[in-house]
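Worksheet: the structure to be examined is printed underneath.
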Amino acid sequence: MIFLIEYSRSLGRIVTFRDFDPSRRDAAHRARLDLELDLNRKDVDHEVVLLEAPTKADLQRTHRRYFEDLESLLTSDISKPRPSGTE
Amino acid sequence: MWPAALVEVSSSFQQKERVHALRRLFTRAKVIDRRENPSNGYRAVHVVVTVLESAVELQVRTALQHRWAEWSEKFADEFGQDLKYGGGPEVWRNELLASSDGIAKYEACEMLYADIAADLKAFRSMGPAEFDDLKQQLVARDEKMISTRDSVDQRLQRLVSRLELYRRDKQ
């Protein structure tokens, strides 16, 4: 799937999220361009990105910063203690 | 700017193998190794290949390198994009650099561990004394890996605590 994300850095969250079947790649690129032009016209500073991943769940794993706040990003990356006797 | 693809691997040893494989596959690939000389803490190997006459950047990262890249982006979202380029608030910049350094140390241990493990596998016919020696090296390296990984976790924990304080002060 192709995902079009409009992300507000200052708010730290996604503003709009659209997905496209890979067969509609051209439409996804057009939608990105339209969105960028519209934001530019409105003088809105949002990040616009087109990403491709097999599923939304994969995207949420590889591009966590769009979906999670800073604390949860850091906290979840602290490795869990190893259960004893499993080595 | 060319399109980029993330190639995430679980360890630094796998990263080395994956980059070798890509080099074999794309003989004219341009390899930018940011592990030895990180770009403001960012560590990864970028392999720029040409597919159908278009350049594509393959960002080969270990899981930890990728996580660091996400932390860096998220910090930059909140504290300014300059953080990614050597500017921004010093306190967060230093924390990110120290985390990156900690990950580099862990991955160096990981690489040595993989080398010793490969030796052990390759020399099955060696004498018991040499075999035991290699096994002991492996155990020592494993302990070192655990302690360096603990350091990364402690730094992360500290970072979370600092953020909590920062948020409290801001309120």
Side-chain angles (χ1 to χ4, degrees), chain A residues 1-15 20 22 25-26 28-30 32-33 36 39 44-87, chain B residues 1 3-10 56 59 61-84 92 95-96 99 102-103 106 138-139 142-143 145-168:
Chain A
M1 293 294 284
I2 298 170
F3 302 96
L4 175 61
I5 296 177
E6 176 191 353
Y7 176 78
S8 165
R9 290 193 190 103
S10 56
L11 298 173
R13 62 174 178 80
I14 291 173
V15 180
F20 299 83
R25 190 173 301 274
D26 287 349
H29 280 281
R30 267 199 308 278
R32 176 197 177 160
L33 184 64
E36 293 214 56
L39 291 171
V44 175
D45 183 21
H46 285 171
E47 181 180 334
V48 177
V49 63
L50 211 50
L51 298 163
E52 190 162 356
T55 64
K56 186 180 175 185
D58 289 310
L59 186 73
Q60 284 171 324
R61 193 186 62 77
T62 58
H63 290 78
R64 290 169 49 197
R65 85 172 242 260
Y66 294 120
F67 302 93
E68 295 177 43
D69 65 31
L70 185 52
E71 277 81 351
S72 87
L73 212 63
L74 294 168
T75 309
S76 63
D77 280 339
I78 297 172
S79 53
K80 309 287 174 288
R82 297 176 185 206
S84 57
T86 56
E87 290 299 311
Chain B
M1 190 195 276
L6 171 66
V7 181
E8 192 186 319
V9 293
S10 60
V56 178
Q59 301 175 345
R61 298 176 182 169
T62 65
L64 278 174
Q65 287 166 6
H66 179 60
R67 285 173 192 178
W68 187 92
E70 293 245 89
W71 306 335
S72 163
E73 288 285 352
K74 200 72 185 177
F75 265 97
D77 287 345
E78 188 161 345
F79 300 104
Q81 296 298 306
D82 287 350
L83 257 186
K84 291 194 290 184
W92 304 124
E95 287 286 353
L96 282 167
S99 306
I103 291 170
Y106 171 78
L138 209 55
V139 170
D142 187 46
E143 283 167 1
M145 270 170 66
I146 292 169
S147 72
T148 49
R149 183 60 223 244
D150 284 349
S151 305
V152 173
D153 286 345
Q154 282 162 12
R155 189 156 285 283
L156 269 185
Q157 195 66 64
R158 208 179 83 181
L159 204 49
V160 173
S161 307
R162 279 199 153 188
L163 263 175
E164 279 170 5
L165 277 175
Y166 170 81
R167 304 246 191 263
R168 214 174 302 152

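Highest contact tally toward chain A, considering only B:Arg155, B:Gln157, B:Glu164, B:Gln154, is held by B:Gln157 [criterion: heavy-atom pairs under 4.5 Å]. Counting heavy-atom pairs closer than 4.5 Å to chain A, the top residue among B:His66, B:Glu78, B:Arg167 is B:Arg167. Per-residue heavy-atom pair counts under 4.5 Å with chain B were compared for A:Asp69, A:Leu70, A:Leu74, and the maximum is reached by A:Leu70.
Residue A:Arg9 holds its CZ atom at 15.5 Å from CZ of B:Phe79, rounded to the nearest 0.5 Å. Atoms CG and CD, from B:Leu159 and A:Glu71 in turn, are 9.5 Å apart once rounded to the nearest 0.5 Å.
Summarising the geometry of A:Arg61 relative to B:Glu8, their closest heavy-atom pair is NH1-OE1, 3.7 Å, with the distance given to 0.1 Å.
Shown here are the salt bridge (charged side-chain N to carboxylate O under 4.0 Å, His left out) partners of B:Lys84, two or more places apart in sequence or in another chain: B:Glu73. In this structure, A:Phe67 has no ring-ring contact (aromatic ring centres under 6.0 Å, His included) partners at least two apart in sequence or on a different chain.
Looking at A:Glu68 and B:Glu70, their side chains never come closer than 4.5 Å, going by heavy atoms from C-beta outward.
With a 4.5 Å cut-off on non-hydrogen atoms, B:Leu156 touches chain A through its backbone and its side chain both.
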